[in-house]
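Note that these values count all heavy atoms, side chains included, but never hydrogens, waters or copies made by symmetry.
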Amino acid sequence: MTTTSDTTGPTSSGPISSGPTDSGPATASGTAASDPTAATGRTATTGTADSGATASATATGTTTSGATSPATTPSGCPVAHGSVPLSGPRFQSDPVQLYRDMRRDHGAVAPVVLDGGVPAWLVLGYRELHQVTGDPVLFSRDSELWNQWDRIPADWPLLPMIGRGQNSILYTVGERHSVRAMMISNALEGVDPFSLKRYAEEFADELIDRFCTKGAVDIIAEYAKLLPALVLARIYGFSDEEAYPLVGAINDMIDGRERALAGQQHLATSMFRLLADKHAEPGDDVASRMLADTGGFTDEEVAQDLMVMMAAGHQPTADWMGNSLRLMLTDERFAASLSGGRHSVAEAMNEVLWEDTPTQNVAGRWASRDTHLGGRHVRAGDLLLLGIAAANGDPQVRTHASALTGGNNAFLSFGHGEHRCPFPAQETSEVIARTGIEVLLDRLPDVDLAVPAEQLTRRPSPWLRGLTDLPVLFTPTPALGRPGSHGGPA
């Protein structure tokens with residue numbers, strides 16, 4: 001099934017595209033427009049989350065030792081002249097300017113180098129990204145097509161993200177993917193929205209009770225990195241006593257350090273135990289609904305999908321919360337209404353999806369045959385990385401980038417096409433993040449940064465963009481209830 005090619009990666013052929021054509025890029029809903037920022041509607045599709053694929057694969061953004069062009073792959077194959085290493089401090093400190101520079105130098109599709117000198121394409125243009133994600137036949141999710149597999153060592157650090165033979169929906173294609181995606185969407189649609197919001201409020205209050213009397217806290221470590229997974233664990237069918245150890249395992253796995261494998265094993269064991277419990281005693285939860293309508297998929301496949309859904313739903317939501325709170329605490333456009341406006345929470349969250357989206361780049365798509373994209377000659381089997389952050393900032397669609405985006409949600413932060421984030425999952429993430437922020441501001445109305453804004457740091461990753469910490473100060477307030485009432489540490 002693997003497709004080979006005369007070349008071994010991206011090469012420059014033909015003129016570099018200067019960007020989208022005069023006909024105008026396509027909006028996120030698939031209609032042509034000269035300015036997609038006029039679009040305001042969401043597209044309710046039933047795909048699988050491109051936007052969370054990075055988190056679900058536990059990518060950590062390991063830096064590469066490869067130099068800038070000319071570089072060499074392990075077998076001696078030359079990488080395109082001028083290829084950009086997909087690593088380095090600029091992804092952490094100033095990705096917006098970095099993507100502008102790459103677009104200026106390379107056009108809408110840029111040659112990049114991954115760890116070990118492995119070549120790929122980074123799709124920077126909004127229209128080009130829309131084209132790639134909208135054509136699953138030409139640009140496939142099947143990683144077996146990759147023309148670099150014979151050069152990838154067994155210990156390549158990006159293997160968890162660009163996997164081979166993985167038994168999850170991330171790499172399922174065609175009709176089988178459609179059936180699998182529908183199973184997941186149906187299970188998520190069964191979550192009562194009022195119950196979801198109530199769960200988010202309950203866990204938010206419980207977490208805030210742990211630190212509200214102290215007057216200071218790191219919002220990331222003590223709140224944002226816990227809340228999404230706790231809520232997801234409950235709606236998936238875990239007991240609250242099981243939820244806290246599960247959250248710790250998920251964070252260990254995503255952090256990618258010495259406890260990553262143990263965290264992954266705990267998550268897998270928990271999912272298989274959950275399915276066994278739900279076979280014996282089904283409930284009103286996501287896991288039970290998936291087992292009741294498996295579409296012919298095995299328990300192992302259902303467990304893999306639940307693991308993907310948990311990781312992909314947790315980390316981007318946690319980063320969405322952190323990035324939105326950072327914006328509200330540092331941007332004067334939001335600061336004036338910080339303590340009084342729930343409306344400003346929605347505006348800040350929408351702004352983040354355009355300007356500071358948690359999922360920056362996603363791997364990926366593989367060309368099923370030779371083609372052209374953005375003025376580049378893409379060979380069969382080439383890997384294309386989805387530059388979500390760069391596409392959201394494409395000047396062809398963001399002609400007034402300094403203006404607030406308002407209710408415009410034509411961003412690509414949840415992906416596009418049949419592999420986009422399922423719409424029910426997007427709604428779940430939004431409810432958890434927005435509720436978490438609103439409850440925090442209600443409980444701690446004078447919350448403020450404990451350090452100058454310029455001292456806030458990001459994780460050093462080109463894939464996921466989130467804060468390492470967010471230290472804040474506030475007036476101590478009494479707790480509402482008993483901390484740890486659902487089994488978590490007090």
Side-chain angles (χ1 to χ4, degrees), residues 42 184-212 217 219 222-247 250 270 274 277-278 281-290 306 309-310 312-322 324-325 339-346 348-350 421-445 447 477-490:
R42 292 193 179 111
I184 292 173
S185 290
N186 289 342
L188 290 171
E189 283 178 349
V191 178
D192 176 65
F194 298 102
S195 296
L196 174 64
K197 183 173 176 62
R198 185 176 73 253
Y199 299 157
E201 290 173 341
E202 289 177 4
F203 280 118
D205 277 328
E206 180 177 313
L207 293 172
I208 293 170
D209 274 357
R210 299 182 184 184
F211 57 75
C212 64
V217 72
I219 290 295
E222 302 299 324
Y223 192 63
K225 285 184 67 173
L226 304 178
L227 181 63
L230 287 172
V231 179
L232 292 173
R234 183 181 284 186
I235 67 173
Y236 286 4
F238 288 100
S239 69
D240 292 337
E241 289 70 26
E242 296 170 311
Y244 278 94
L246 189 65
V247 171
I250 293 169
S270 299
L274 175 67
D277 291 344
K278 297 306 174 181
E281 188 174 349
D284 183 15
D285 51 66
V286 170
S288 296
R289 286 190 288 273
M290 290 178 70
L306 282 167
M309 292 160 60
M310 178 67 80
H314 170 63
Q315 188 61 55
T317 305
D319 288 336
W320 195 6
M321 291 175 60
S324 298
L325 282 165
S339 62
R342 289 178 177 249
H343 181 62
S344 66
V345 174
M349 290 176 60
N350 196 79
C421 178
F423 188 65
Q426 177 180 337
E427 288 187 317
T428 299
S429 177
E430 184 172 352
V431 169
I432 294 172
R434 180 169 178 171
T435 302
I437 296 172
E438 289 176 348
V439 172
L440 181 74
L441 299 181
D442 285 345
R443 295 279 306 273
L444 310 174
V447 65
T477 61
L480 298 180
R482 182 172 65 87
S485 60
H486 287 123

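Considering every non-hydrogen atom in both Pro228 and Ile432, the closest pair reads CA-CG2, 3.8 Å. Between Ala233 and Ala243, the closest heavy-atom pair is CB-CB, 3.9 Å. Annotation for Val231 and Ala200: closest pair CG2-CA, 3.7 Å, computed over non-hydrogen atoms. Closest heavy-atom contact between Phe203 and Leu230: CE1-O, 3.7 Å. Minimum heavy-atom separation, Pro424 to Glu189: CG-CG, 3.3 Å. Across all their heavy atoms, Ala425 and Leu188 have their closest contact at CB-CD1, 3.8 Å.
Here Gln315 contributes atom CD and Lys225 contributes atom NZ; the two are 6.5 Å apart, rounded to the nearest 0.5 Å. Once rounded to the nearest 0.5 Å, the distance linking CD of Glu242 with CG of Asp277 reads 7.0 Å. To the nearest 0.5 Å, atoms CE (Met309) and CD1 (Ile184) are separated by 5.5 Å. To the nearest 0.5 angstrom, Ser195 atom OG is 10.5 Å from Ile235 atom CD1. How far OG1 of Thr435 is from CE of Met321: 9.5 Å, rounded to the nearest 0.5 Å. Here CD of Glu201 is found 9.0 Å from CG of Asp442. Values are rounded to the nearest 0.5 Å.
A salt bridge (charged side-chain N to carboxylate O under 4.0 Å, His left out) with Asp205 holds for exactly one of Arg198, Arg210, Arg443; it is Arg443.
Side-chain atoms of Asp209 do not come within 3.5 Å of backbone N or O of Ala479 as any donor-acceptor pair. A donor-acceptor pair is defined here as one N or O able to donate and one able to accept, closer than 3.5 Å; such a pair exists between the side chain of Trp320 and the backbone of Met349.
Counting only heavy atoms from C-beta outward, the side chains of Thr428 and Leu232 approach each other to under 4.5 Å. Put simply, the side chain of Phe238 reaches to within 4.5 Å of the side chain of Leu246, judged on heavy atoms. Between Val447 and Leu325 there is no side-chain heavy-atom pair separated by less than 4.5 Å. Within the 4.5 Å cutoff, the side chain of Val286 has no heavy atoms near those of the Met310 side chain. Val345 places none of its side-chain heavy atoms less than 4.5 Å from the side chain of Ser324. Using a 4.5 Å cut-off on side-chain heavy atoms (C-beta onward), Asp284 and Asp192 make no contact. A heavy-atom distance below 4.5 Å is found between the side chains of Phe211 and Leu444.
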Open item on the list: The test is side-chain contact (heavy atoms from CB on, under 4.5 Å); show your working for Leu207 and Glu222 and say whether it passes.
Closed with: CA-CA 7 Å; Leu207 293 172; Glu222 302 299 324; over 6 Å; no
Open item on the list: Checking Ile208 against Val217 for the side-chain contact (heavy atoms from CB on, under 4.5 Å) test, could you report, in this order, the C-alpha distance in whole Å, the side-chain angles of both residues, the deciding distance, and whether it holds?
Closed with: CA-CA 10 Å; Ile208 293 170; Val217 72; over 6 Å; no
